[in-house]
S.K.: 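Handing you this structure, nothing more for now.
Because the structure is a prediction, the values reported are computed rather than measured.
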Number of protein chains: 2
Amino acid sequence: MKPRLQDVADRAGVSMKTVSNVINGYVHVSEAMRTKVLAAIEEVGYRPNLSARNLARGRAGMIALVVPQLDMPYFASLSMHVLEAADEQGWVVLIQQTRGDAEKERAVLSGRFAQRVDGLVFSPERVTAEEIGQRSDRTPLVLLGERASGGVADHIVVDNVAAGKLAVSHLLDLGRRRIAMIGAESGGTVNRRFDGYRTALAERGLEVDPRLVEPVSRNLGEAGEAAMNAVLARAAPRPDAVFCVTDWVALGAIRSLHLHGLRVPEDVAVVGFDDIPYGRASTPTLTSISPDRAAVARAAVASLAAQQEDGREPREIPAGFELVVRESTAGVGGAAFVAPAALDDATLPFGRARGDHHHAR
Amino acid sequence: MKPRLQDVADRAGVSMKTVSNVINGYVHVSEAMRTKVLAAIEEVGYRPNLSARNLARGRAGMIALVVPQLDMPYFASLSMHVLEAADEQGWVVLIQQTRGDAEKERAVLSGRFAQRVDGLVFSPERVTAEEIGQRSDRTPLVLLGERASGGVADHIVVDNVAAGKLAVSHLLDLGRRRIAMIGAESGGTVNRRFDGYRTALAERGLEVDPRLVEPVSRNLGEAGEAAMNAVLARAAPRPDAVFCVTDWVALGAIRSLHLHGLRVPEDVAVVGFDDIPYGRASTPTLTSISPDRAAVARAAVASLAAQQEDGREPREIPAGFELVVRESTAGVGGAAFVAPAALDDATLPFGRARGDHHHAR
DNA sequence: CTGAAAGCGCTAACAA
DNA sequence: TTGTTAGCGCTTTCAG
């Protein structure tokens, strides 16, 4: 049916080995031989069967990327970068969603995967560090995200405390003093970004006003809007700035502020986290912490590549971030909503305040 | 090194065939045998080598999804649905980005793919219908998007003319008469959504005012903003509504309107296209044509499944859409920006106007 | 520089 | 119901 390597060999009047050599770019093949074989390949319309190749080579030629949900902008963007980084290593990427299903996450960890893969980039949401530690599967693994790894696998992290602190310091630098935080987890201990918020305030001798702190149930605009409503309803005097745990939540908060007749940033400045693409098109554009996703992706793929060789000690690999200042804190050209000019980040009065860059490798 | 089927068989004291039967859920296996084998699998920590299985079975167990760029909200969402639809068919999905690179698109068509796949879901951007028609690779293919297929492969399409018409009719129903269109392609002939715009106007006896029509260079917020600026600069009297070729462009247009001191929707109503998730968190929330992405994804995967069997005639498969009315045309509760209440689509005064649903299958 | 042949780990036809 | 064994298509020693 489909032409095989042997068919090409027959056609060219050579052995399979020779054809294989040509296909795989082996050096010691005469030019005449090469062109002859290539012609034969063309004539019979040969395409290598990658399943067979992988079996013979003992590798899969692909890695899996496991994320909660692909239509969340952060993961969409991250996935894009992982695809690119993997491509450079000759890997193709198979994406799987867990949708926050703990059972699916466990299945991934235990190696019950639908395909053989050379490695796993996993952004866990439900599964505990302990469960990860107990996995028996030997597939190289690298973890992303805030949830601790327990030192059982490489883990790419941005320093959320430092990032949160940078965001809030920016607001303080603007002269804001009643800074709310939306999306701090109830306990307050788990959320590293909240720690950054606290630290920044403490450094200026300010205390956390609990009426300005509100958790969100989910990472959704609706949740951010509801949380902002709650803060506005009970906090007097009202906040003059808000640090939101994600951009998505920040957009909801801005919506709430608008509906309350408050202007952003004149009345209330807003900082988000993630730098999702929409933050550049929204009105106002959104100031945000921008994790270096490309670096995260590269580090993750590099980790898997390194793990192909031998079992190294699991490491924590820091990834960089920066604060991107846009209109939700800086206004348009310093005063919001006046000039109908297109702006890009570079022309904003505050420019970009760079965060601590911890480059992997 | 890694335990193989044979190791399990040895351990359980049975043959490979029996182990294989158990693993593949073959019915005629005694219960005792089954448990014994499962225990052996557990003991040696066996995981099937899928490369080998695929080779033996003659199938790949996965399909490829080829899109321009994964961080574009439309494709992110589409990809999510494709993953889910594929999962139901026992397929895993390998995603590849072309980034609008014609060369990469051609590589995909010609079957020069990094893995063996059972099928290809392809959303072309650059490659011509003619090129698609000339492909020699036999991998089952299904096309998505507006670009014509030339009848060489199954093609899932929403009726862009009808959708555009629905969007503009909605604006007309609101009493708007000077309706701009942003993102019509220069020629005007290629763009089906523009045809819908024209049709809707014509039905009410209105003519297209060329000063109200502006193309965009790319599907970006910045482009939408620039285009809206251009229209506002030259069109007098100014438009009272805008139909944008995509949501992304619409968000840029809204930004331009705000910066010009115009209110949305009181002064200018805005309709987008694609119903990207951001549209629900933006201020104002965005009225948009919502293609039934889940249906598109299901139809695409179903097409590939059907093509596994035999070569059927290529078909055009219509997918549904609807108009989702939100604040950018309806305002908040009918009057914009007054009540700080959370709204969802269901509570909006206009509810949802449903478009023609052409369900696949 | 090229050819022959032994696997890679699993499936499935055929036997028992 | 279970065992034997010949492939699946490619890579890769090892000879030549």
Side-chain angles (χ1 to χ4, degrees), chain A residues 1-38 40-41 44-62 90 111-118 138-139, chain B residues 1-38 40-41 44-62 90 111-118 138-139:
Chain A
M1 176 59 224
K2 272 205 164 190
R4 297 160 310 151
L5 199 59
Q6 185 63 63
D7 300 325
V8 178
D10 293 349
R11 180 77 170 167
V14 300
S15 80
M16 284 172 63
K17 171 63 178 160
T18 303
V19 179
S20 176
N21 281 344
V22 170
I23 289 175
N24 295 298
Y26 187 60
V27 211
H28 302 293
V29 196
S30 67
E31 201 47 50
M33 191 89 273
R34 178 185 306 285
T35 52
K36 183 165 70 176
V37 170
L38 288 176
I41 288 178
V44 302
Y46 171 75
R47 301 277 184 283
N49 177 324
L50 285 312
S51 294
R53 171 178 295 175
N54 290 336
L55 175 58
R57 284 196 180 151
R59 59 166 265 169
M62 57 189 169
R112 280 175 276 122
F113 211 80
Q115 291 290 321
R116 155 162 280 245
V117 293
D118 293 328
R138 291 247 157 272
T139 308
Chain B
M1 178 57 226
K2 272 204 166 191
R4 298 161 309 152
L5 199 58
Q6 185 63 64
D7 300 325
V8 178
D10 294 348
R11 179 78 170 166
V14 299
S15 80
M16 283 173 63
K17 172 63 178 165
T18 303
V19 180
S20 177
N21 281 344
V22 170
I23 290 176
N24 295 298
Y26 187 59
V27 211
H28 303 292
V29 197
S30 68
E31 203 46 51
M33 193 90 274
R34 180 186 304 284
T35 53
K36 184 163 69 174
V37 169
L38 287 177
I41 288 178
V44 302
Y46 172 75
R47 300 277 184 283
N49 179 324
L50 286 311
S51 294
R53 171 179 295 174
N54 291 335
L55 175 57
R57 283 194 180 151
R59 58 166 271 171
M62 57 189 170
R112 281 176 276 121
F113 211 80
Q115 291 290 322
R116 154 163 283 244
V117 292
D118 293 327
R138 291 247 157 272
T139 307

S.K.: Could you tell me how far apart B/N24 (CG) and D/dT2 (P) are, to the nearest whole angstrom?
M.R.: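 Distance check: B/N24 CG to D/dT2 P gives 15 Å.
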
S.K.: Quickly work out the B/R34 CZ to D/dT1 P distance and round it to whole Å.
M.R.: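 It is 11 Å, rounded to the nearest whole Å.
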
S.K.: Distance from A/Y46 atom OH to A/R11 atom CZ, nearest 0.5 Å?
M.R.: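 The OH atom of A/Y46 sits 16.0 Å away from the CZ atom of A/R11.
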
S.K.: So does A/A60 get a backbone contact from the side chain of A/D118, meaning a donor-acceptor N/O pair under 3.5 Å?
M.R.: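 A pair under 3.5 Å: yes.
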
S.K.: Contact class for A/S20 vs. all strands (heavy atom < 4.0 Å): base, sugar-phosphate, or nothing?
M.R.: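 Base, at least one base atom sits under 4.0 Å.
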
S.K.: Hey, could you give me the CZ/CD1 distance between B/R34 and B/I23, rounded to the nearest 0.5 Å?
M.R.: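 These two atoms lie 11.5 Å from each other.
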
S.K.: Rounded to the nearest 0.5 Å, what separation is found between the CE atom of B/M16 and the OG1 atom of B/T18?
M.R.: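 That separation rounds to 10.5 Å.
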
S.K.: Quick one: B/R59 CZ to D/dG7 C1', roughly how many Å, whole number?
M.R.: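 In whole Å, D/dG7 C1' lies 19 Å from B/R59 CZ.
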
S.K.: Which whole-number value in Å describes the distance from B/N49 CG to D/dC10 P?
M.R.: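 In whole Å, D/dC10 P lies 17 Å from B/N49 CG.
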
S.K.: Atom OG1 in A/T139, atom CZ in A/R116: separation rounded to 0.5 Å?
M.R.: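 Atom-to-atom, A/T139:OG1 and A/R116:CZ are 7.5 Å apart.
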
S.K.: For the pair A/V22 and A/K36, evaluate side chain to side chain contact (heavy atoms under 4.5 Å, CB included) and give the outcome as yes or no after the intermediate values.
M.R.: CA-CA 10 Å; A/V22 170; A/K36 183 165 70 176; over 6 Å; no

S.K.: I'd like the 5' and 3' limits of the part of DNA chain C contacted by chain A, with heavy-atom contacts below 4.0 Å.
M.R.: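 So the contact region on DNA chain C extends C/dC1 to C/dG9.
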
S.K.: Using whole Å, report how far CZ of A/R57 lies from P of D/dT13.
M.R.: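 It is 12 Å, rounded to the nearest whole Å.
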
S.K.: Tell me the interatomic distance from B/N54, atom CG, to D/dG9, atom P, rounded to whole angstroms.
M.R.: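 Rounded to whole Å, this separation is 13 Å.
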
S.K.: Rounded to the Å, how far apart are B/R53 CZ and D/dG9 C1'?
M.R.: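 So the two atoms are 18 Å apart, to the nearest Å.
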
S.K.: Nearest-Å distance, CD (A/Q6) to C1' (D/dC10)?
M.R.: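 Interatomic distance, CD of A/Q6 to C1' of D/dC10: 11 Å.
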
S.K.: What's the separation between atom CG in A/N49 and atom CG in A/L5, rounded to the nearest 0.5 Å?
M.R.: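 The distance works out to 10.5 Å.
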
S.K.: If the cut-off is 4.0 Å, is B/T18 near the phosphate of D/dG3, judged by side-chain N/O to OP1 or OP2?
M.R.: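 For D/dG3, OP1 or OP2 has a side-chain N or O of B/T18 closer than 4.0 Å.
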
S.K.: Using a 4.5 Å cut-off on heavy atoms from C-beta on, say whether the side chain of A/R57 contacts that of A/N54.
M.R.: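 Contact flag for A/N54/A/R57 side chains = no.
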
S.K.: Using heavy-atom distances to pick each residue's nearest nucleotide on DNA chain D, tell me which of B/L55 and B/M33 is more 5'.
M.R.: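 So the residue in question is B/M33.
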
S.K.: Which parts of residues 7-17 of chain A get close to DNA chain C, meaning a heavy atom less than 4.0 angstrom away?
M.R.: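 Heavy-atom cutoff 4.0 Å gives A/V14, A/S15, A/K17.
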
S.K.: Whether the side chain of B/N24 engages the backbone of B/N21 through a donor-acceptor N/O pair (distance < 3.5 Å, no angle test) should be reported.
M.R.: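 The answer is no, because no donor-acceptor pair under 3.5 Å joins these two groups.
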
